[in-house]
Amino acid sequence: MPTTLKALHDLGIHIRRGQLHLIAAGPGTGKSALALNVAIKSAVPTMYFSADSDAFTQYVRSAANISGWTTAQVEAAIEQGRTEAFDTALAGLDIRWSFDASPDLDEIEQSLIAYAMIYGWPALVIIDNVTNVSAPEMGEGHAALDELCAFFHDLARRMESAIVLLHHVTGPYNDGVNPIPLSGIKGQVGRVPEVILTLHRGGTEFEGYDLRVSNVKNRGGKADASGFTFARLQWQPERMQIIG
């Protein structure tokens, strides 16, 4: 996959085809923002399963990202019917979307097969987020999440696609202000993915925010399971833009 954020590359973080990646953080910390920025900046064929956010939300976020407008400005333009420039720019993105709020595994796999019949296998697949996936056949609890990861790991290998799962963290880390260790991932699903990233935020509204990305597992390079080794990315949440 192309390098999209140099700060991640410098820390040895790479999104690779044929591998499973997990991004975990508390609510509102930037999981979806990071996934969207990777999808847009990489400019590769992408299938995005947006179970956690509806079509309107993702339209506003994507339009803000590519235009540099704030999400509030984009929403105001939508209310006024001034979306032609957004529509044209968004049509140029190589991203296909699914907005089922609770897709099951068969639906995800069939959607990817349908995608492949028209475009070939996607280079990047994003599942936002993995706990929204309906998989009663996997059972319940930690073991079920582990089996779910194993399913997506096998799928990444078969399609030779990079699959990115977005996931939650345990209660003490939900505020997003401190580094999150490997042990802080909800369900302890660290066994299967090749790469696991955790996110926390820094900075202030006046100084500017930064998104801090910890490489807590990296099968192809160095990692720090404590979460205290991290890359700093400039983050403008009101514009859904991440630079680094």
**Request:** Please lay out, stage by stage, how Y59 and D54 fare under the test side-chain hydrogen bond (donor to acceptor under 3.5 Å, both in side chains).
**Result:** CA-CA 9 Å; Y59 180 96; D54 61 23; over 6 Å; no
**Asked** Of L197, I13, V164, which is the lone residue that meets side-chain contact (heavy atoms from CB on, under 4.5 Å) with H21?
**Response** V164
Report yes if some heavy atom in the side chain of [X] is under 4.5 Å from a heavy atom in the side chain of [Y]; otherwise report no.
| X | Y | value |
| --- | --- | --- |
| L8 | V213 | yes |
| E137 | L105 | yes |
| P181 | Y173 | yes |
| P179 | T198 | no |
| I40 | I95 | yes |
| L90 | I66 | yes |
| V125 | L112 | yes |
| H167 | T131 | yes |

Please report the interatomic distance [atom1]([X]) to [atom2]([Y]), rounded to the nearest 0.5 Å.
| X | Y | atom1 | atom2 | value |
| --- | --- | --- | --- | --- |
| N218 | E194 | CG | CD | 10.0 Å |
| L211 | T29 | CG | OG1 | 8.0 Å |
| I113 | Q110 | CD1 | CD | 4.5 Å |
| D224 | L182 | CG | CG | 10.5 Å |
| L148 | L145 | CG | CG | 6.5 Å |
| Q58 | M240 | CD | CE | 7.0 Å |

Are [X] and [Y] within salt-bridge range, i.e. N to O under 4.0 Å?
| X | Y | result |
| --- | --- | --- |
| E160 | R16 | no |
| R212 | D210 | yes |
| R61 | E238 | no |

Nearest atoms (heavy-atom pairs only) where [X] meets [Y]:
| X | Y | result |
| --- | --- | --- |
| V44 | P2 | CG1-CD, 3.7 Å |
| A25 | I180 | CA-CD1, 4.3 Å |
| A101 | P103 | C-CD, 3.7 Å |
| A231 | A7 | CB-O, 3.6 Å |
| S62 | L36 | OG-CD1, 3.7 Å |
| S42 | L124 | OG-CD2, 4.4 Å |

**Asked** Do we see a donor-acceptor contact under 3.5 Å between the side chains of Q19 and H153?
**Response** no
**Item:** Option among Y209, W235, F230 that satisfies the ring-ring contact (aromatic ring centres under 6.0 Å, His included) test with H200
**Value:** F230
**Request:** With salt bridge (Lys or Arg N to Asp or Glu O under 4.0 Å) as the test, would you mind laying out the steps for K31 and D128 before giving the verdict?
**Result:** CA-CA 9 Å; K31 297 186 298 293; D128 183 2; over 6 Å; no
Do [X] side-chain atoms and [Y] backbone N/O form a donor-acceptor pair below 3.5 Å?
| X | Y | answer |
| --- | --- | --- |
| T170 | P172 | no |
| S161 | I163 | no |
| K217 | G190 | yes |
| T70 | Q73 | yes |
| S53 | S50 | no |
| N37 | A33 | yes |

**Request:** Could you please spell out the steps behind the side chain to side chain contact (heavy atoms under 4.5 Å, CB included) verdict for L233 and L5?
**Result:** CA-CA 8 Å; L233 304 174; L5 295 162; 4.0 Å; yes
Give the cluster check for [X] versus [Y]: same hydrophobic cluster or not, with ILVMFWY residues linked at side-chain heavy-atom distances below 4.5 Å.
| X | Y | answer |
| --- | --- | --- |
| L20 | I126 | no |
| I243 | L34 | no |
| W97 | V38 | yes |
| I15 | I196 | no |
| L11 | V216 | no |

**Item:** Flag if over 12 foreign heavy atoms under 6.0 Å of NZ, K186
**Value:** no
**Message:** For the CD atom on E84, are there more than 12 heavy atoms of other groups (residues, nucleotides or ligands in this structure) within a distance under 6.0 Å?
**Reply:** no
**Request:** Applying side chain to side chain contact (heavy atoms under 4.5 Å, CB included), run through I127 and L166 and close with a yes or a no.
**Result:** CA-CA 6 Å; I127 310 292; L166 308 191; over 6 Å; no
**Request:** Under the side chain to side chain contact (heavy atoms under 4.5 Å, CB included) rule, what do S214 and T229 come out as? Steps first, then yes or no, please.
**Result:** CA-CA 6 Å; S214 301; T229 301; over 6 Å; no
**Request:** Under the side chain to side chain contact (heavy atoms under 4.5 Å, CB included) rule, what do I108 and V133 come out as? Steps first, then yes or no, please.
**Result:** CA-CA 9 Å; I108 289 172; V133 175; 4.1 Å; yes
**Message:** Using ring centroids (six-membered ring only for Trp), state whether W121 and Y115 fall under 6.0 Å.
**Reply:** no
**Prompt:** So, is the end of the R96 side chain (NZ or CZ) under 6.0 Å from the ring centre of Y48 and within 45° of the ring's axis?
**Reply:** no
**Message:** Between D100 and S98, does the side-chain hydrogen bond (donor to acceptor under 3.5 Å, both in side chains) criterion hold? Intermediate values first, please.
**Reply:** CA-CA 6 Å; D100 190 323; S98 169; 5.9 Å; no
